[in-house]
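To keep things clear, I will list the structure first and then write my remarks on it.
The sequence lines fix the lettering, A, B, ..., with proteins before strands; numbering per chain opens at 1.
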2 protein chains.
Amino acid sequence: MMSGASTVDAIRRVGLEMFARDGYEATTMRAIASEVGIQAGSLYNHFASKEEILWDLTRGALMQLTSRIRESMETLAVDADARDQLSAFVDAHVRFHALNSDQASIVNRQMAGLSATHYRQAVSLRATFETQLGDILRNGDASGEFHVIDLRMSVIAILQMCISVSTWYRADGKLSPDEICAVYVQLSQRMVGFDQRALMASGPRKGVSQR
Amino acid sequence: MMSGASTVDAIRRVGLEMFARDGYEATTMRAIASEVGIQAGSLYNHFASKEEILWDLTRGALMQLTSRIRESMETLAVDADARDQLSAFVDAHVRFHALNSDQASIVNRQMAGLSATHYRQAVSLRATFETQLGDILRNGDASGEFHVIDLRMSVIAILQMCISVSTWYRADGKLSPDEICAVYVQLSQRMVGFDQRALMASGPRKGVSQR
DNA sequence: GTCTATATATCGATAGAC
DNA sequence: GTCTATCGATATATAGAC
């Protein structure tokens, strides 16, 4: 038991880590309890079932990501163009998946452990991201800023690209979240057909990074 | 038991389907045996353990994908440019992940069930795809065909984009594999900074698809 | 709210008859 | 090679003392 942290928060913290690392089915209530420092039966004073822990973590991760995206979009001016909107969206998405790889694993890999009802709710929450990005791309294409090849496939491809950062980013690696976000923002702009040559002409183009 | 198919092949077929749909840990040997039409104990006449089934399927999927990519690359002329190489690679990757979503699930989501030794072997096999695509991008950047922003991130982003097709493609959907591959090839060309304007100028540009 | 003890079920894997 | 029967371990979840 940790001082200064409630038992329920300790269960959340341990469950998140173990579900992400070992998978939901491979993680046992006994293992969670042991890491928290209590007996397995005591877990049921805080969560009705193992699935309730997963649902709590899934819902929390999705709401955290929702908040980060909303905060990032709110920094934009009301008349921001589609390019700025896309940048804010991709930046928030990449940053979240880099800095919260455990939450990313829960949402992207462990959702099969949810009950049918909770699974539907999670998919519904996740679909809002696709809708948001789809709106940005549609507006950008309509205004002539973008030249989208296919709306739905572009949306999924960009989202999946952002999500994949969670599989390789390491806090002790050579690249900072800022640097990574900058690259993915550029990639997303290319994918939607935003013409960057005007920007490139304003400064010397850097060589390809060969880390 | 199916006539014309050996028991071991039936186990492979059923295991692939159940591992992909329910996950490795959530799939029981009894469930596999039941679907095959034999008793659970009889499975051990064909595989030493549950993990051996997963490893057989993982290895098979990775080798199938390897073959598809090699076949696609071999259709190219010996002096094919980087753009054609990228197209052949992406086409094969997207096509495989669309038409073999179960194999894709095994390789991309169920590998945590493998033993440490088998896991390392699978990761090693999978790394060859990254190396191949990395070579194509590096050569294309060196020759001036591409303008790669960051080699490693571009490789991962493109691969993950191709893989994601397995999560939404349906054989009874509106899009054929050919149409999907065409879109993803274009997306990949944009991501590596291949200039398409010369091609676009040769014909009227189509509006964005709003399916 | 945590403990000990346990109910109830199911798991992967094995043994030996046929 | 498949069957029946079962081993030994472990799973989630519960009951009741403190």
Polar atom pairs between nucleotides 13-18 of chain D and protein, under 3.5 Å, N or O only, would you list them?
from    : atom 1 : to       : atom 2 : distance (Å)
dA13(D) : OP2    : Tyr44(A) : OH     : 3.1
dA13(D) : OP2    : Lys50(A) : N      : 2.9

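The list of salt bridge (charged side-chain N to carboxylate O under 4.0 Å, His left out) pairs with a residue in residues 111-134 of chain B, not counting sequence neighbours, is empty. Listed by first and then second residue, the salt bridge (charged side-chain N to carboxylate O under 4.0 Å, His left out) pairs that reach into residues 35-63 of chain A are Arg12(A)-Asp56(A), sequence neighbours excluded. Contacts classified as salt bridge (charged side-chain N to carboxylate O under 4.0 Å, His left out) and involving residues 84-96 of chain B (residues at least two apart or in different chains) are given here: Asp91(B)-Arg95(B), Arg95(B)-Asp178(B).
Glu52(B) places its CD atom 14 Å from the C1' atom of dA13(C), with the value rounded to the nearest Å. The CE atom of Met18(B) sits 11 Å away from the P atom of dC11(C) (whole-angstrom rounding). Straight-line distance from the CD atom of Gln39(B) to the P atom of dT6(D): 14 Å, rounded to whole Å.
Here Ser34(A) pairs with nothing under the side chain to side chain donor-acceptor pair (under 3.5 Å) rule; sequence neighbours left out.
The His46(B) side chain lies nearest to dG1(D) when the options are dC3(D), dT4(C), dG1(D). When each of dG1(D), dT4(D), dC11(C) is scored by its nearest atom to the side-chain atoms of Thr28(B), the top-ranked nucleotide is dC11(C).
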Atom pairs and distances, donor-acceptor, side-chain atoms in residues 97-108 of chain A, under 3.5 Å, two or more places apart:
from      : atom 1 : to        : atom 2 : distance (Å)
His97(A)  : ND1    : His93(A)  : O      : 2.9
Asn100(A) : ND2    : Phe96(A)  : O      : 3.0
Ser105(A) : OG     : Ala20(A)  : O      : 3.4
Asn108(A) : ND2    : Ala104(A) : O      : 2.8

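Smallest separation of non-hydrogen atoms from Arg152(A) and Trp168(B): NH2-CE3, 3.5 Å.
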